[in-house]
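Down below is the structure, laid out as structure tokens.
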Amino acid sequence: MKKSLVFLLGSIAFLTALFVVLGFVFDKDENQKQNGLTEVYSVSSDGKIAYVVYEKGQANLYMTLQEQPLIQLPVEKEIVDLTFSEDGKRLAFAVTNKDREQDAETDIHVVQLDSLEDEQILSVDSLITEVAFDPKNPELLFYLQAATFTNYSPVASKHPHDFDVHSYHLKEQTHTQYTDMKKYSMASLQVSSKDKSVFVQMDDDENVESADEVFSSSQRIFEIPLDDPDGKSIISSPIQEEDIYDFTLLPERQEIIYQAVAGTGKNGIFEYELFVFNWKTYQTEQLTALKEHASKPVLGPDAKIYFMVDRNFAGRSPDYHLYRMNMDGRNVEKVPLESVGK
């Protein structure tokens, strides 16, 4: 009897260890299958493009006119965002673990582009999803930090939540938290080039009282004064019912270029296009009609709008391509990247 019990317990322990090992190997194999361009990129003030390419699961940070990657990460790590300083001398990027349930730590790195020296400047025990330099001060790096990684609904997968706006001063090595909103979601961080404020996309859920109301609230673009975060205001169209996602500001034209759902394809998949809203005339126009998944609009120094297109949106593996167009949506063209598909 005792021998049977010992055998049973030993078998259970062996099988448990076997499944753990197989799970690790499976995850590793899945990670190593990642290949191709990601949606993470940035355009500098002098026209350089930094972008991330997976090669057998390893995230490689490239820059145009560079044959070799600036950074190559271990297979279990990923770059979730990157940004150039306004003077084009620095490139900051955020690194997290692919398995965020096991480890939600984020490291922030800064590359000095004259020497290509990489330095880790900050490490936190939670998820940082976006970074943006202050165009008025190249020493000040803003970021969005999520306090939790969970699912608020039993039918939803886990995601970062409880967002707030923070900054890190590179020279003084000091951290500042500006908001205490604990927002369900917050994205598309941009820092004002004139005022002491930031712009973000988040839910318009000021007066909601339940989780169901949060899920049904609309996503808008807000300006948040850093000295008075409670004085935040909506700068996107107040009458538009559709959710707004990624965006970029064109202050000289009094316009916002943003991503939103334009319709549904024959396969039942949402089609995301780019739109422009003029906050002076309150007019909205659709800029792209690619019937794909257009995202991440960025204004380049050549007065072109750069953006990503996923040709396999909702498929098993994304298929990203970088495009650019005039600010009025004309002359859409693909941007060649040396290290993609080599």
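Everything numeric in this text was worked out from a predicted model, so none of it was measured.
The cluster map of Ile, Leu, Val, Met, Phe, Trp and Tyr, joined by side-chain heavy atoms under 4.5 Å apart, puts Val53 and Leu337 in the same cluster. By the criterion of side-chain heavy atoms lying less than 4.5 angstrom apart, applied directly or through intervening Ile, Leu, Val, Met, Phe, Trp or Tyr residues, Leu37 is grouped together with Ile49 in one hydrophobic cluster. Taking hydrophobic clusters as Ile, Leu, Val, Met, Phe, Trp and Tyr residues chained together by side-chain heavy-atom distances below 4.5 Å, Phe275 shares a cluster with Ile256. Cluster annotation: Leu299 is connected to Val276 through the hydrophobic network of ILVMFWY side chains, with a link wherever side-chain heavy atoms come within less than 4.5 Å. Following chains of ILVMFWY side-chain contacts shorter than 4.5 Å, one can reach Val332 starting from Val309, so the two form part of one hydrophobic cluster.
Remark: Asp134 pairs with Lys136 by the salt bridge (charged side-chain N to carboxylate O under 4.0 Å, His left out) rule, at least two apart or across chains. With sequence neighbours left out, the ring-ring contact (aromatic ring centres under 6.0 Å, His included) criterion links Phe270 to no other residue. Remark: Lys77 engages Leu73, Pro74, Val95, Asn97 in a side chain to side chain contact (heavy atoms under 4.5 Å, CB included) (not counting sequence neighbours). For Glu252, there are no side chain to side chain contact (heavy atoms under 4.5 Å, CB included) partners two or more places apart in sequence or in a different chain.
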Exercise answer: donor-acceptor pairs, residues 257-267 side-chain atoms, under 3.5 Å, sequence neighbours excluded:
residue: Tyr258; atom: OH; partner: Gln240; partner atom: OE1; Å: 2.9
residue: Gln259; atom: NE2; partner: Ala294; partner atom: O; Å: 2.9
residue: Asn267; atom: OD1; partner: Ile269; partner atom: N; Å: 3.0

Can I get a per-line list of side-chain donor-acceptor pairs under 3.5 Å for residues 119-127, giving both atom names and the distance, sequence neighbours left out?
residue: Ser123; atom: OG; partner: Asp107; partner atom: OD1; Å: 2.7
residue: Ser126; atom: OG; partner: Gln145; partner atom: NE2; Å: 2.7

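Annotation: Glu285, atom CD; neighbour count of heavy atoms from other residues, nucleotides and ligands within 6.0 Å does not exceed 12.
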- [ ] Give the intermediate values and the outcome of side-chain contact (heavy atoms from CB on, under 4.5 Å) for residues Ile305 and Leu287.
- [x] CA-CA 11 Å; Ile305 300 298; Leu287 294 178; 5.9 Å; no

Task: side-chain contact (heavy atoms from CB on, under 4.5 Å) evaluation trace for Tyr320 with Arg311 - done: CA-CA 6 Å; Tyr320 289 112; Arg311 294 178 178 171; over 6 Å; no

- [ ] Dump the intermediate steps for side-chain hydrogen bond (donor to acceptor under 3.5 Å, both in side chains) on Asp203 and Ser185, then the final yes or no.
- [x] CA-CA 7 Å; Asp203 291 303; Ser185 67; 3.2 Å; yes

Open item on the list: Run the side-chain contact (heavy atoms from CB on, under 4.5 Å) test on Tyr168 and Glu139 for me, step by step, so that the C-alpha distance in whole Å, both residues' side-chain angles and the decisive distance to 0.1 Å come before the verdict.
Closed with: CA-CA 8 Å; Tyr168 182 78; Glu139 297 293 335; over 6 Å; no

Task: Derivation and outcome, side-chain contact (heavy atoms from CB on, under 4.5 Å), residues Leu144 and Val200 - done: CA-CA 9 Å; Leu144 300 181; Val200 295; 4.2 Å; yes

- [ ] Report the C-alpha distance between Ser167 and Tyr178 in whole Å, list the side-chain angles of each, state the deciding distance to 0.1 Å, and finish with yes or no for side-chain hydrogen bond (donor to acceptor under 3.5 Å, both in side chains).
- [x] CA-CA 8 Å; Ser167 76; Tyr178 297 94; 2.8 Å; yes

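In terms of heavy-atom proximity, Pro160 sits nearest to Ala146 at CB-CB, 3.5 Å. Here the shortest heavy-atom pairing between Pro251 and Trp279 reads CA-CH2, 4.1 Å. Heavy atoms only, all atoms of each residue included: Thr288 and Leu274 are closest at OG1-N, 2.9 Å. Residues Arg220 and Asp204 come closest through the heavy atom pair CG-CB, 3.7 Å. The shortest non-hydrogen separation linking Ala94 to Ile108 is CB-CD1, 3.6 Å. Nearest heavy atom pair, residue Ser188 against residue Phe247, reads OG-N, 3.1 Å.
Taken to the nearest 0.5 Å, the CG atom of Asp246 stands 10.0 Å off from the OG1 atom of Thr248. Here CD of Gln177 is found 4.0 Å from NE2 of His166. Values are rounded to the nearest 0.5 Å. Between the OH atom of Tyr41 and the OG1 atom of Thr83 there is a distance of 11.5 Å, given to the nearest 0.5 Å. With values rounded to the nearest 0.5 angstrom, Phe84 atom CZ is found 6.0 Å from Leu113 atom CG. Rounding to the nearest 0.5 Å gives a distance of 9.0 Å between CZ of Phe149 and OG1 of Thr96.
One side chain, Asn326 or Lys304, offers a donor N or O that lies under 3.5 Å from an acceptor on the other. A donor and an acceptor atom, one from each side chain of Lys98 and Gln34, are located under 3.5 Å apart. A donor-acceptor contact closer than 3.5 angstrom links the side chains of Gln72 and Asn60. For the residue pair Asp46/Ser44, the side-chain donor-acceptor check at 3.5 Å is satisfied. With 3.5 Å as the limit, one finds no donor-acceptor pair spanning the side chains of Ser157 and Asn151. Remark: the Gln201 side chain and the Gln219 side chain contain an N/O donor-acceptor pair separated by less than 3.5 Å.
At least one side-chain heavy atom of Ile71 sits under 4.5 Å from a side-chain heavy atom of Phe93. At least one side-chain heavy atom of Leu189 sits less than 4.5 Å from a side-chain heavy atom of Phe142. Inter-residue side-chain proximity for Arg100 and Glu78 is flagged as met; some heavy-atom pair is nearer than 4.5 Å. When side chains are defined from C-beta on, Leu61 counts as touching Leu91, because their heavy atoms get closer than 4.5 Å. Using a 4.5 Å cut-off on side-chain heavy atoms (C-beta onward), Ser192 and Ser197 make contact.
Ring centroid separation for the pair Tyr282 and Phe277 comes in under the 6.0 Å cut-off. Aromatic rings of Tyr272 and Tyr245 (six-membered ring for Trp) have centroids within the 6.0 Å cut-off, being under it. A centroid separation of less than 6.0 Å is found between the aromatic rings of His161 and Tyr184.
Side-chain N or O atoms of Ser85 include none that pairs as donor or acceptor with a backbone N or O of Phe133 at under 3.5 Å. Ser236 contributes a side-chain N or O that, together with a main-chain N or O of Ile221, makes up a donor-acceptor pair within less than 3.5 Å. Using modelled atom types, one side-chain atom of Glu273 and one backbone atom of Leu290 make a donor-acceptor pair closer than 3.5 Å. With Asp164 contributing its side chain and Met181 its backbone, the two residues share a donor-acceptor pair below 3.5 Å.
By the 4.0 Å N-to-carboxylate-O rule, Lys183 lies too far from Asp162 to be salt-bridged with it. Contact check on Lys232 versus Glu223 returns no salt bridge, with no Lys/Arg side-chain nitrogen under 4.0 Å from an Asp/Glu carboxylate oxygen.
Val191 pairs with exactly one of Leu141, Leu140, Val165, Val198 by the side-chain contact (heavy atoms from CB on, under 4.5 Å) rule, that one being Val198.
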